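Encoded as structure tokens, the structure appears first; notes follow it.
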Amino acid sequence: MSEKELRRSLSVLPIGTVMKLTDLTARQIRYYEQQDLVFPQRNDGNRRMYSLNDIDRLLEIKDYLDEGINIAGIKKIYEQQKRERQKRQSERERQLTDPDVRRILRDELMNLGGLGDYDQLHPGS
DNA sequence: ATTCTTACA
DNA sequence: TGTAAGCA
């Protein structure tokens, strides 16, 4: 993870700051957490600590709500996005890496050289 | 002073 | 969602 992403995911804001930044009440912020829409960290004193990403998420939730989408609907949206992310992830894991491609190409050439006459295909090499 | 949990005339 | 109570 890049430093930039790391910073945005650092939970350093108490709920009071989040209230001012999002214009949401503590009641609402905690409620959205109960609905698993946001996952703030907890400090040693059991206080909720939010990251900049949490702020963005809360603002996003507020927008969806203003658009008339209910909590269940918002959940669906995030669950869907989660599935897409996971799909793309498993997709990348199936992808051949550059070193893989090079190894395969080399093996293919070796095979060619074994069955046929490699020197004739590449004289002087 | 702030935040947390729980509960509801 | 608001609000109040009793803790930490």
Side-chain angles (χ1 to χ4, degrees):
Chain A
M1 185 185 283
S2 72
E3 299 178 26
K4 185 177 180 182
E5 298 173 301
L6 193 64
R7 277 195 246 271
R8 291 191 60 71
S9 63
L10 280 184
S11 301
V12 295
L13 312 169
I15 200 169
T17 301
V18 179
M19 291 173 68
K20 295 175 181 175
L21 259 32
T22 62
D23 194 42
L24 290 170
T25 65
R27 181 81 167 84
Q28 293 174 305
I29 296 171
R30 298 191 186 109
Y31 178 66
Y32 301 153
E33 175 183 0
Q34 279 191 309
Q35 302 308 306
D36 296 304
L37 292 180
V38 285
F39 319 94
Q41 303 280 134
R42 293 294 183 116
N43 63 15
D44 300 320
N46 192 42
R47 259 77 214 242
R48 274 169 263 252
M49 298 302 277
Y50 300 81
S51 69
L52 294 178
N53 283 327
D54 290 328
I55 300 295
D56 289 337
R57 168 64 70 92
L58 287 169
L59 290 173
E60 200 168 56
I61 293 171
K62 199 174 72 163
D63 286 338
Y64 282 138
L65 256 24
D66 288 336
E67 291 174 30
I69 303 175
N70 57 37
I71 299 294
I74 298 175
K75 275 190 184 180
K76 292 297 182 185
I77 294 175
Y78 290 139
E79 287 174 4
Q80 176 58 31
Q81 295 183 349
K82 181 180 175 185
R83 300 181 198 227
E84 293 175 352
R85 285 169 30 212
Q86 298 180 329
K87 181 176 182 179
R88 300 188 182 193
Q89 180 55 41
S90 57
E91 200 76 41
R92 283 169 197 153
E93 290 172 354
R94 278 186 201 43
Q95 277 293 324
L96 296 177
T97 68
D98 255 29
D100 283 336
V101 175
R102 295 190 182 226
R103 178 178 51 67
I104 291 174
L105 175 57
R106 186 206 57 193
D107 289 349
E108 293 290 321
L109 289 175
M110 291 287 264
N111 198 322
L112 249 181
L115 297 175
D117 191 326
Y118 190 78
D119 282 335
Q120 279 185 259
L121 290 173
H122 299 268
S125 67

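In this text, all values refer to a predicted model and were calculated from it rather than measured experimentally. Per chain, numbering begins at 1; letters A, B, ... match sequence-line order.
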From OH of A:Y31 across to P of C:dG2 the rounded distance in Å is 12 Å
pair_partner(B:dA9), Watson-Crick or wobble, both distances < 3.5 Å, evaluates to none
If pairing means Watson-Crick or G-U wobble with both distances under 3.5 Å, then the partner of C:dA8 is B:dT2
Listing time: all N or O pairs from protein to nucleotides 4-9 of chain B that are below 3.5 Å?
| residue | atom | partner | partner atom | Å |
| --- | --- | --- | --- | --- |
| B:dC4 | OP1 | A:R48 | N | 2.9 |
| B:dC4 | OP1 | A:R48 | NE | 3.0 |
| B:dC4 | OP2 | A:R30 | NE | 3.0 |
| B:dC4 | OP2 | A:R30 | NH2 | 2.7 |
| B:dC4 | O3' | A:N46 | ND2 | 3.4 |
| B:dT5 | OP1 | A:R42 | NH1 | 3.2 |
| B:dT5 | OP1 | A:R42 | NH2 | 3.1 |
| B:dT5 | OP2 | A:R48 | NH2 | 2.0 |

message: Could you tell me if A:E91 and A:Q95 have a donor-acceptor pair between their side chains, going purely by distance under 3.5 Å?
response: no
- Should A:Y32 and A:L65 count as side-chain neighbours, where that means a heavy-atom distance under 4.5 Å? yes
Rounded to whole Å, CE of A:M19 lies from C1' of C:dT1 at a distance of 13 Å
Note to self: Is the phosphate of C:dT1 approached by A:T25 (side-chain N or O, under 4.0 Å from OP1 or OP2)?
What the structure shows: no
From the list A:Q80, A:K87, A:K82, A:Q86, side-chain hydrogen bond (donor to acceptor under 3.5 Å, both in side chains) with A:E84 holds only for A:Q80
Checklist entry - Does atom CD of A:Q41 have more than 12 heavy-atom neighbours from other groups under 6.0 Å away? => result no
Rounded to whole Å, the CG-P distance (A:L24 to B:dT3) equals 14 Å
Practice prompt. Give a yes/no verdict on a cation-pi contact between A:R57 and A:Y78, requiring under 6.0 Å between NZ or CZ and the six-membered ring centre and an angle within 45° of the axis.
Written response: yes
When rounded to whole Å, the CD to C1' distance for the pair A:Q28 and C:dT3 reads 14 Å
(message) Using side-chain heavy atoms (C-beta onward) and a distance below 4.5 Å, is A:I74 in contact with A:L37?
(response) yes
